[in-house]
A.B. asks: 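The structure follows.
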Amino acid sequence: MTMADQSRDPQAASIDKEWLRNKYREERDKRLRPDGNDQYIEIKGQLTHYLDDPYTPVTPRAPKTDHVTFAFVGGGFAGLATAARLKEAGIDDVRIIEKAGDFGGTWYWNRYPGAQCDTASMVYMPLLEETGHMPSEKYAHAPEILAHCQRIGRQFGLYDNALLHTEVAGIDWDQAASRWRIRTNRGDDFTAQFVGMGTGPLHVPKLPGIPGIESFEGHSFHTSRWDYDYTGGDPLGQPMHKLADKRVGIIGTGATSVQCVPHLAQACKELYVFQRTPSSVDVRDNAPIDPDWFSGIATTGWQQRWLENFTANQAGGTAEIDLVQDGWTDLGRRIRAKIIELPREQRTPQNMLAAFEDADFGKMEEIRARVDTIVHDRDTAAKLKAWYRQLCKRPCFHDSYLQAFNRPGAHLVDTDGKGVEKITDNGVVVAGKEYQLDCIIYASGFEVGTAYERRAGFDLTGRGGLKLSDYWAEGMRSKHGIHVHGFPNAFFVQPAQGANLISNVPHNLTDAARTIALTVSHARKNGFGEVEVTKEAEDRWIELLLTGAGRMLGSPDCTPGYYNNEGREPGPQARLNVGYPAGPNAYFKYIDEWRDSGRFDGLAFR
Ligand code: NDP
C-alpha cells in the first residue's frame, strides 16, 4: 500500500520525520530506472529540426583565416564577461564564436513565454555596475536579460569581431607557432594566442526517449526553440492567440515548464501537463525595482558587495544581513537558525546534518501546504506536492503556476513517477489512455552528464595531440576550474573545481573572467608567449578538492534527476565535480588573495 498523502495532517505542529523519510524513499524508488541518463535521446538524424534557430536567419559571410589574441567559444555570460574584462585590460582583438544568432547563451535560446531569472537580478545579471543598467524587477524576465547581453556586447565592442551562427569544429594547439588553430562549420580556419571555453553546462536540448516520439503528426517543438509562428504571441508577453482552438500537451514539469504553463493555460483551448515528478514551487514575490531605492544603493562597488552577501547567505557564510532575501537564502537562514540553537559543544557534523534535514523538512512542509491553499481540486493538489528534499531537484519559485491548474482548460496528467508511456500519431498515452493533441511541447531539459566534448561539439586537442576527452577520461582535472595542464593558453569558464556556487552560476563565471584577464595581461606585459598550470599544481589542487565533503548536489537518497545522474551511481568521474572544500564564500576570498598576490602560484609562464 502506498502512503496516502491524506493519511496525515500536513499542518500538524510537529513534523513526523520518520514518515517523511519513508515517503521520500517510496517516491524515489518509484522513479529509479535502469537506463538513467540513457532514457533521453540525442537530437540528431530526422530529429535535428528540433535544434533549428527559430529566431534569427543565418547570414552568409566569408570564412576567417586571420589571427586574434583571444578567441572565446560561447557568447553567453561566460564569454561576455571574459571578453569585457579582456577589453578593459587593453586586448582589442577578442573574438567570440557563438552557435546562436546573437549573444546571450541560454537567454538567446530560452524565449518561452514567462521565461525569467530565478536568481535575483541584482546578483544574477553580470556587469550591472559597469553598464549602469538598473534591472527593472527583482527577478528580471528573459527579454531584459537578453537585451543586457546585447548591451554588454555593444558597450565592449564585441560584435565587430564575433562569429555568430558558427560552431567550432576543432581547436588544436600548434606547438611550433605557440598558438591555437580554430576551425568552424562555416569554413573558418584561423589562429589565436589564447582560447577560452564558455560552452555552458545546459545548452544541448534533449528529448525524452518515449516510444513513438517520431510518429506524432501534429506540431511539436522544444521549449528552447519556442515556435511563436505557431503559438502567436511573443517573448514580451503578447498572448498566444493562435492557441485558442488548440489542444496542447507539455511534457515535463521542471523549472521551464513551471514558468510557461501559466501562459499556456491562459492561451490554449485545452492544456495537458504531463507530470512525472512535481517540482517544489515556492513563493516568487517578484516586484519592480524602485529607481530611487536603486540610486541610493548603487554606490561604487555595489554589485560586488551584493554578490558576496548573497553567497555568504546562501552558501553557509556568516553574513549578518541578507540583502537579497529570497528563496535561495531562506534555506541557509533556516539552517543557521537551527545550528545557533545548539550549544557550541553540540555542533558536530552529525548534528549539523540533522539541523539541515530539520530545516529542509520545515521548508518543504510549507511548500506542500502552499499547494493546498492555492489549488482547488484536492486530487490535483495532492499530485502537485513534491516529496523530496528541496535541493534534490532544482527548486522553483512561482506565483501563478499552481493557480494555473484552477483554470477549467488546464489538466494535470500525473504519471505517478512513470512518465509518458508512448506517443502516437495523434497524441500522448498515459496509463493506457490517449490524449489527442494538436501540439506537443517538450519541456524535457538539456543534456547534463554527457561527455564534455559531446556537449561542446569538439574535442580540444592540446600539447602533443592530447585530447581533452582523454585527459578528463577519469574526471575533470584543473586548477581553480580554469587552467588545465597540457592545454597551454586555454581557460575554462564554468563552476566546478572553483567556487561551484550553484544558486548563482554567473558569480563563478564573472569571477573567472577576472582571473583570466589578469593572467593574460601578465603574460603580455612581461613578454611571455605561453602560460600553463604545472602538473604539480594541478595535482595539488585536485588533492585539496578531494578532502572536501563531496558533491553538494545529487545525494543517492534523492529522487532521480540531473542533479544526481538520474539516480544512478555517477561513476568515479563525478567525485571530481566538486568545489573548493571550504565552500564558495571561502573560495572567492582565496582567489581574491591569489590574484592580489601577483605571484600566479601554480602557473608557469614561458
Ligand atoms: P529539467 O531537466 O529540469 O526538466 C525536464 C522535465 O521533463 C522533468 O520534469 C522530467 O521529469 C520531465 N520528463 C522527462 N522525461 C519524461 C517522460 N518520459 N515523461 C514525462 N516527463 C518527463 O528541464 P528544464 O528545462 O525545466 O530546466 C533545466 C534547467 O534549466 C533547470 O534545472 C535550471 O537549472 C535551468 N532553468 C532556469 C530557469 C531560471 O533560472 N529562471 C528557468 C528554467 C530553467 P522528472 O523530474 O521526473 O525527471
Side-chain angles (χ1 to χ4, degrees), residues 27-28 30-33 35-41 77 105-107 109-121 123-125 139-142 145 200-213 222-226 249-261 272-281 284 286 326-328 386-388 391-398 401 412-423 428-431 440-449 495 502-506 553 558-567:
E27 291 293 330
R28 175 203 60 190
K30 273 184 198 171
R31 292 169 172 84
L32 286 172
R33 39 191 292 164
D35 51 359
N37 244 325
D38 296 337
Q39 67 182 284
Y40 290 100
I41 44 176
F77 283 178
T106 200
W107 298 104
W109 295 110
N110 288 287
R111 302 186 189 199
Y112 58 83
Q116 186 184 15
C117 169
D118 263 346
T119 300
S121 334
V123 292
Y124 181 82
M125 292 171 74
Y139 303 95
H141 278 80
I145 307 175
L202 289 156
H203 67 102
V204 179
K206 66 186 183 195
L207 291 173
I210 302 169
I213 192 163
H222 187 273
T223 48
S224 66
R225 306 286 189 278
W226 197 270
I250 182 163
I251 297 182
T253 50
T256 299
S257 184
V258 164
Q259 292 185 332
C260 61
V261 156
Y272 295 89
V273 180
F274 296 97
Q275 171 180 275
R276 189 167 65 181
T277 310
S279 280
S280 71
V281 187
R284 169 71 308 162
N286 197 13
D326 75 354
W328 292 105
W387 297 103
Y388 45 79
L391 295 181
C392 279
K393 274 198 179 287
R394 168 62 149 66
C396 297
F397 310 91
H398 214 283
Y401 173 72
L412 180 72
V413 184
D414 181 57
T415 64
D416 196 25
K418 295 183 191 67
V420 165
E421 196 174 301
K422 65 176 172 184
I423 293 179
V428 162
V429 178
V430 171
I440 299 176
I441 301 173
Y442 292 101
S444 46
F446 303 87
E447 286 193 13
V448 182
I502 302 303
S503 56
N504 188 19
V505 171
L553 295 173
C558 281
T559 189
Y562 78 80
Y563 277 11
N564 70 346
N565 195 35
E566 299 297 336

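Order of appearance sets the numbers: ligands from 1, and atoms from 1 within every ligand. Here, residue 1 is the first one in the sequence, and each next residue gets the next number. Computed from a predicted model, the values in this text were never measured in an experiment.
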A.B. asks: Compute the shortest N/O to N/O distance between W107 and ligand 1 and return yes if it is under 3.5 Å, no if not.
C.D. replies: no
A.B. asks: Counting heavy atoms only, which part of I210 comes closer than 4.0 Å to ligand 1: side chain, backbone, both or neither?
C.D. replies: side chain
A.B. asks: Just going by heavy-atom distances, which of R276, R394, H398 is nearest to atom 45 (P) of ligand 1?
C.D. replies: R276
A.B. asks: If you measure from atom 30 (O) of ligand 1 to every heavy atom of T223, L202, I145, which option wins on shortest distance?
C.D. replies: L202
A.B. asks: Checking the N or O distance criterion of under 3.5 Å, is ligand 1 in contact with D118?
C.D. replies: yes
A.B. asks: Knowing that exactly one of K206, H203, H222 qualifies, which makes a side chain to side chain contact (heavy atoms under 4.5 Å, CB included) with F446?
C.D. replies: H222
A.B. asks: Would you mind listing which atoms of ligand 1 come within a distance below 4.0 Å of any non-hydrogen atom of P208?
C.D. replies: 15 (N), 18 (N)
A.B. asks: Pick whichever of G252, G254, A443 has a heavy atom sitting closest to atom 5 (C) of ligand 1.
C.D. replies: A443
A.B. asks: If you count the atoms of ligand 1 from 1 in the order shown, which ones are under 4.0 Å from a heavy atom of S444?
C.D. replies: 5 (C), 7 (O)
A.B. asks: Would you give the length of the straight line joining atom OG1 of T223 to atom CD1 of I251, rounded to the nearest 0.5 angstrom?
C.D. replies: 11.5 Å
A.B. asks: With heavy atoms of Y112 as the reference, note each atom of ligand 1 found under 4.0 Å away.
C.D. replies: 42 (C), 43 (C)
A.B. asks: Which of the numbered atoms in ligand 1 are below 4.0 angstrom from a heavy atom of F446?
C.D. replies: 25 (O)
A.B. asks: For ligand 1, which atoms sit closer than 4.0 Å to a heavy atom of Q259?
C.D. replies: 41 (N), 42 (C)
A.B. asks: Heavy atom of Q116 under 4.0 Å from ligand 1?
C.D. replies: yes
A.B. asks: Check ligand 1 against C117 and write out every atom of the ligand that is under 4.0 Å from a heavy-atom position of the residue.
C.D. replies: 41 (N)
A.B. asks: Of all the non-hydrogen atoms in the protein, which one sits nearest to atom 24 (P) of ligand 1, and at what distance?
C.D. replies: T256 OG1, 3.2 Å
A.B. asks: Would you mind running through ligand 1 and noting each atom that sits below 4.0 Å from a heavy atom of K393?
C.D. replies: 45 (P), 46 (O), 48 (O)
